[in-house]
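Structure first, then comments.
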Amino acid sequence: MESSPRRRLASISRHLLQPPDRILSNGPRPNQLSADSELLGRAPVVIGGMVLDIQAIPSEEPRPGTTTPGKVRYVNGGVARNIAECMSKLGTKPFIISVIGADMAGEQLMKYWKSTGLPTEGILKLEGVTTPVVSNVFGCMGESVAAVASVDAVETYLTSGWIERFRRNMNDAPVVMVDANLPPQTLEFSCRMAAVAGVPVWFEPVSVIKSSRIAPVANLVACTSPNEAELIAMATVLSPQAKFESINLEEIKGLPVEDLFQMLKPAIFSLFDKGIRLLLITLGSDGLFLCHSRNLDFSRNNSNLNLTTDRFLGQLYQEVNNIYYNHCFAKGSSEFCAFHFPAIPAEVVSVIGAGDCLVGGTLVGICAGLDVARSVAVGVAAAKGAVESENNVPDKFLVTNILDEVKEVLFRVKPLLL
């Protein structure tokens with residue numbers, strides 16, 4: 001029988017380790033690793049929102065001031081969640097850190113996540129908290145017309161204390177992806193923890209407004225994936241003394257991509273000057289710009305990744321790695337290099353989730369050991385799948401389709417002058 005002092009000490013210890021009030025999840029603590037969770041040690045870590053998307057899809061153009069016939073669907077969403085799901089369907093098993101409420105939306109998100117076989121220990125489930133929800137209204141062409149986001153749970157309850165519980169997962173990860181839904185203190189804590197461990201951080205801006213949250217962590221971020229408006233917003237907050245030209249892609253439609261790149265170049269270099277080494281700038285139907293440091297190397301972080309644990313990923317890596325593309329286009333005297341990647345023609349159903357699948361596919365390639373260009377080509381192929389799907393992430397990917405699309409993309413990549 002334990003002595004009274006030992007019992008008091010044990011009681012104090014349990015109190016100190018107790019999760020915050022209202023936590024309902026009662027799975028194994030992250031520091032009590034089983035043999036199975038050891039295998040997750042090399043898993044990429046994804047931190048951010050799990051959201052229930054309510055999607056209103058009209059059968060004709062919406063008209064202000066009246067209802068429009070159409071369909072309303074509930075879709076599993078959230079930037080971090082979408083990225084992690086995409087990665088899982090391409091054969092990589094990420095570890096997600098997020099928060100949901102004990103409500104209908106939270107139950108739906110958790111039920112689906114459990115069905116994937118992915119770990120749920122990092123998902124904080126709270127009583128009396130509303131699960132993040134985003135309501136989207138689409139146009140007839142699948143484009144988003146308006147959206148309202150309610151993500152207070154992420155802003156309030158995804159704290160540094162919860163992130164700290166998964167320090168070992170982050171220390172062992174090949175990459176940590178954070179989305180800008182995180183509150184600033186948690187965002188900085190997560191980036192700093194990864195940086196101390198030598199793990200590259202990928203920052204996903206989420207929106208123009210939230211992209212400015214990169215300001216205090218830019219020196220800790222290795223990679224980021226803004227659209228053109230988010231890029232300008234990030235450059236403005238990082239270099240407030242400079243003037244950056246706002247760009248509306250619709251207004252300059254048909255402009256050669258080389259000219260568009262020159263317009264964005266001051267903002268690009270503003271981010272490079274702050275220490276960021278890879279920029280993936282999305283341009284909608286015009287594709288994307290990839291800009292990165294010539295000495296960018298993720299091999300230290302992915303060299304131990306075992307491609308034999310997933311047949312799909314192993315085949316994807318072998319086949320994509322054997323695709324030839326002209327390495328000569330990467331030569332030059334600048335410290336950085338830049339390329340234009342075209343978008344692949346697609347039958348558009350919904351553009352929601354396309355950017356997330358671009359990032360997810362790119363991270364899968366990087367974690368598997370592919371070079372940056374091949375990794376981004378995998379991301380472009382994954383984004384095409386999202387555009388042609390009713391869900392934010394396609395139900396499945398086919399290696400043969402991805403290979404054909406990667407070949408097409410790499411064949412059409414253009415080098416750009418920095």
Side-chain angles (χ1 to χ4, degrees), residues 24-25 45-57 72-89 94-116 118-120 122-138 142-159 162-163 177-183 186-187 190 202-211 213 225 227 230 350-360 383 386 389-395:
L24 297 183
S25 52
V45 173
V46 177
I47 310 175
M50 298 182 77
V51 176
L52 182 65
D53 284 346
I54 303 174
Q55 299 183 349
I57 307 157
V72 176
R73 301 189 306 118
Y74 296 93
V75 180
N76 297 325
V79 171
R81 197 215 68 87
N82 291 346
I83 290 171
E85 182 185 357
C86 176
M87 294 178 74
S88 72
K89 288 182 175 177
F95 185 90
I96 193 168
I97 303 176
S98 190
V99 59
I100 57 174
D103 53 14
M104 181 196 74
E107 291 300 328
Q108 176 172 325
L109 290 166
M110 181 64 90
K111 181 180 179 181
Y112 178 81
W113 206 251
K114 287 180 177 178
S115 74
T116 67
L118 293 170
T120 60
I123 302 173
L124 178 61
K125 187 176 180 181
L126 295 172
E127 186 70 68
V129 171
T130 301
T131 296
V133 175
V134 174
S135 179
N136 291 285
V137 178
F138 293 93
E143 78 283 8
S144 179
V145 174
V148 176
S150 172
V151 294
D152 291 347
V154 177
E155 297 272 1
T156 305
Y157 299 106
L158 202 48
T159 63
W162 183 250
I163 304 298
M177 199 293 303
V178 293
D179 80 32
N181 285 313
L182 295 175
T186 304
L187 180 63
S190 302
W202 188 298
F203 175 84
E204 169 52 43
V206 175
S207 68
V208 171
I209 292 174
K210 292 185 176 180
S211 65
R213 292 183 178 180
S225 41
N227 61 26
E230 291 162 350
S350 169
V351 298
I352 303 296
D356 302 336
C357 285
L358 170 67
V359 174
S389 172
E390 288 188 343
N391 296 321
N392 292 333
V393 179
D395 290 335

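With hydrogens and angles disregarded, a donor-acceptor distance shorter than 3.5 Å links the side chain of Ser88 to the backbone of Glu85. Thr120 contributes no side-chain N or O that, together with a main-chain N or O of Ile123, makes up a donor-acceptor pair within less than 3.5 Å. A side-chain donor-acceptor contact under 3.5 Å links Arg73 to the backbone of Glu390.
Residues that satisfy the salt bridge (charged side-chain N to carboxylate O under 4.0 Å, His left out) test with Glu107, not counting sequence neighbours, are Lys125. By the side chain to side chain contact (heavy atoms under 4.5 Å, CB included) test, Asp53 is found to be paired with Val51, Gln55, Val75, Val134, Asn136, Ile352, Asn392, residues two or more places apart in sequence or in another chain being considered. For Asp103, the side chain to side chain contact (heavy atoms under 4.5 Å, CB included) partners at least two apart in sequence or on another chain are Ala105, Thr130, Thr131. Partners of Asn227 according to the side chain to side chain contact (heavy atoms under 4.5 Å, CB included) rule, which considers only residues two or more places apart in sequence or in another chain, are Ala229, Glu230, Thr282. Evaluation of the side chain to side chain donor-acceptor pair (under 3.5 Å) rule for Tyr74 yields no partner, not counting sequence neighbours. With sequence neighbours excluded, the residues satisfying side chain to side chain donor-acceptor pair (under 3.5 Å) with Asn76 are Gln108.
Taking CG of Asp179 as the start and OG of Ser225 as the end, the distance is 10.0 Å to the nearest 0.5 Å. With rounding to the nearest 0.5 Å, the separation of CG in Leu187 from CG in Leu158 is 10.5 Å. Atom CE of Met177 sits about 4.0 Å away from atom CD1 of Ile83, to the nearest 0.5 Å. Here Tyr112 contributes atom OH and Met50 contributes atom CE; the two are 10.0 Å apart, rounded to the nearest 0.5 Å. Atom CD1 of Ile47 is separated from atom OG1 of Thr186 by 9.5 Å, given to the nearest 0.5 angstrom. Distance CH2/Trp162 to OG/Ser98: 10.5 Å, rounded to 0.5 Å.
For the pair Asp356 and Gly78, the tightest heavy-atom approach, listed with the atom from each and the gap, is OD2-O, 4.4 Å. Between Trp113 and Ala84, the shortest heavy-atom distance links the atoms CH2-CB, 3.6 Å. Contact detail for Gly122 and Phe95: the closest heavy-atom pair is N-CZ, 3.7 Å. In terms of heavy-atom proximity, Val151 sits nearest to Pro132 at CG1-CB, 3.9 Å. In plain terms, the two heavy atoms of Ala180 and Pro205 that are nearest each other are CB-O, 3.2 Å. Here the closest heavy-atom approach between residue Phe138 and residue Ile57 is recorded as CD1-CG1, 4.0 Å.
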I'd like to know whether Asp395 forms a side chain to side chain contact (heavy atoms under 4.5 Å, CB included) with Ser389, so could you lay out the CA-CA distance, the side-chain angles of the two residues, the decisive distance to 0.1 Å, and finally the verdict.
CA-CA 8 Å; Asp395 290 335; Ser389 172; 5.6 Å; no

